[in-house]
Colleague: 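Sharing a structure with you now.
Quick caveat, the model's predicted, so the values are computed rather than measured. The figures that follow rest on heavy atoms only: side chains count, while hydrogens, waters and symmetry mates do not.
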Amino acid sequence: MELAFKPITIDDKALITSYTYLSAYRNCDFAFANMCSWRFLCGSEFTVINGFMAIRFRIEHNSQLAYMMPAGKGNLNDIIPLLEEDARQQGSEFCLIGITPKAKVKLQVEMPGYLSFLPERDYFDYIYLRENLATLTGKKYQSKRNHINNFKKQYAYRYVPITSEIIDQCLQLQCKWYQANWTEEDADDLHDERCSMVYALNNFQALGLEGGALCVDGKVIAFTYGSPINPDTFCVHVEKADVNYEGAYTVINQEFASHIPEQYTYINREEDLGIPGLRQAKLSYKPIILLEKYAATRKV
């Protein structure tokens, strides 16, 4: 059977989230805004078959085809072999990536002995209690509170939700951040992230994004945004700040967590991609879950 995959577009949001939002997975890749705003890089496509929604995309700059964990109801034996055959038809090895522990158990129970699993530490998700990030209480967050207090002593700021009125300012700050952080070594990655952010900001409401910004003297000096993954987990996709304002990252982090609806018990702040400084920063906020993610291939 030849599967009919189609490119992911904003118009597919309701259909795709009808499968992903009700899943038990807290994987950041299940956030529709991520799928759609990065589709230019990954060539992301989806199909619905046998009660499942499946997504395929390219990794390693289009050299390797990969699939996400199918979302839906039914037996995985009705979908995994079809994806495996699709990969073969596309001239690619079969690979599922971003497999969380719950997904891994489901695959092992329904398809025992079928797949091998390899943990990918650089892609583990950092998940926090929303209340912890919003309140920063306790000794473990003392340094964070110090940064916030020092910021408040220096700057009279306002926290405002991201609306169409400040999108242009967010885009300008994104451009300033990009120029300040550009290096030849990171040029491709920074360009890709920039393309994703520009798309997301220009399609903010349609993607179902929520965000906030810090304003000092009427100017946006930090912004962040994200979207729900499922009923109890909200994902933060982007956080950018003008580093000339020391403490701005800590403040925007806490302010946004404070404004995320209380129905979300958890905040997923995505992966560290193996970047040492990013890993250190994410660990410093004391995640309650380091969500393991695996690559799964057919067992030989």
Colleague: Please enumerate all residues that pass side chain to side chain donor-acceptor pair (under 3.5 Å) together with Asn202, with sequence neighbours excluded.
Modeller: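 Checked Asn202 against side chain to side chain donor-acceptor pair (under 3.5 Å); zero matches.
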
Colleague: When you look at Arg56 and Asp86, which way does the salt bridge (charged side-chain N to carboxylate O under 4.0 Å, His left out) test go after all the steps?
Modeller: CA-CA 10 Å; Arg56 74 180 184 190; Asp86 182 72; 2.8 Å; yes

Colleague: Is there a donor in the side chain of Glu185 and an acceptor in the side chain of Thr183, or the other way round, less than 3.5 Å apart?
Modeller: no

Colleague: Could you walk me through whether Trp177 and Leu190 pass the side-chain contact (heavy atoms from CB on, under 4.5 Å) check?
Modeller: CA-CA 10 Å; Trp177 184 94; Leu190 290 174; 3.7 Å; yes

Colleague: Going by salt bridge (Lys or Arg N to Asp or Glu O under 4.0 Å), name the residues that satisfy it together with Asp242, two or more places apart in sequence or in a different chain.
Modeller: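 Partners of Asp242 by the salt bridge (Lys or Arg N to Asp or Glu O under 4.0 Å) criterion, ordered by chain and then number, come out as Lys176.
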
Colleague: Sequence neighbours excluded, which residues qualify as salt bridge (Lys or Arg N to Asp or Glu O under 4.0 Å) partners of Asp78?
Modeller: none

Colleague: Classify the angle between the aromatic ring planes of Tyr155 and Phe151 as parallel (below 30°), tilted (30 to 60°) or perpendicular (above 60°).
Modeller: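 Aromatic pair Tyr155/Phe151 classed tilted.
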
Colleague: Take atom NZ in Lys153; do more than 12 heavy atoms of anything else shown fall under 6.0 Å from it?
Modeller: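 Result for NZ/Lys153: open.
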
Colleague: Pair up each side-chain donor or acceptor in residues 100-119 with any protein partner under 3.5 Å, not counting sequence neighbours, and list the distances.
Modeller:
| from | atom 1 | to | atom 2 | distance (Å) |
| --- | --- | --- | --- | --- |
| Thr100 | OG1 | Ala103 | N | 3.4 |
| Lys106 | NZ | Glu110 | OE2 | 2.7 |
| Glu110 | OE1 | Leu76 | N | 2.7 |
| Tyr114 | OH | Glu84 | OE1 | 2.4 |
| Tyr114 | OH | Arg298 | NH1 | 3.0 |

Colleague: Kindly assign one of parallel, tilted or perpendicular to the pair Phe94 and Tyr67, based on the angle between their ring planes and the thresholds 30° and 60°.
Modeller: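 If you compare the ring of Phe94 with that of Tyr67, the planes turn out tilted.
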
Colleague: Quick one: side chains of residues 129-139, donor-acceptor pairs under 3.5 Å with protein atoms, not counting sequence neighbours, listed by atom name and distance.
Modeller:
| from | atom 1 | to | atom 2 | distance (Å) |
| --- | --- | --- | --- | --- |
| Arg130 | NE | Tyr264 | O | 3.2 |
| Thr135 | OG1 | Glu131 | O | 2.8 |

Colleague: How long is the straight-line distance from OG1 of Thr233 back to CD of Gln263, given to the nearest 0.5 Å?
Modeller: 10.0 Å

Colleague: Could you walk me through whether Tyr225 and Leu201 pass the side-chain contact (heavy atoms from CB on, under 4.5 Å) check?
Modeller: CA-CA 9 Å; Tyr225 60 77; Leu201 288 167; 4.0 Å; yes

Colleague: With no hydrogens and no angle check, do the side chains of Asn150 and Gln154 hold a donor and an acceptor under 3.5 Å apart?
Modeller: no

Colleague: Roughly how far, to the nearest 0.5 Å, is CG of Asp11 from CD1 of Ile16?
Modeller: 10.5 Å

Colleague: Will you find, in the side chains of Thr9 and Asp12, an N or O donor that is under 3.5 Å from an N or O acceptor?
Modeller: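 Result is yes, a qualifying pair exists.
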
Colleague: For Arg39, check salt bridge (Lys or Arg N to Asp or Glu O under 4.0 Å) against everything at least two apart and list the hits.
Modeller: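 If we apply the salt bridge (Lys or Arg N to Asp or Glu O under 4.0 Å) test to Arg39, skipping adjacent residues, there are no hits.
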
Colleague: State whether Tyr285 and Lys144 meet the cation-pi test: NZ (Lys) or CZ (Arg) under 6.0 Å from the six-membered ring centroid, and within 45° of the perpendicular axis.
Modeller: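 Cation-pi check for Lys144 and Tyr285: passes.
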
Colleague: Using the salt bridge (charged side-chain N to carboxylate O under 4.0 Å, His left out) rule, take Glu120 and Lys293 through it: C-alpha gap first, then chi angles, then the decisive distance, then the call.
Modeller: CA-CA 6 Å; Glu120 297 187 299; Lys293 290 195 285 189; over 6 Å; no

Colleague: Does one hydrophobic cluster hold both Ile55 and Val48, with members joined at side-chain heavy-atom distances below 4.5 Å?
Modeller: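 Linked, Ile55 and Val48 end up in one cluster.
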
Colleague: Among Val238, Asn253, Val236, which one satisfies side-chain contact (heavy atoms from CB on, under 4.5 Å) with Thr224?
Modeller: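 Of the listed residues Val238, Asn253, Val236, the side-chain contact (heavy atoms from CB on, under 4.5 Å) partner of Thr224 is Val236.
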
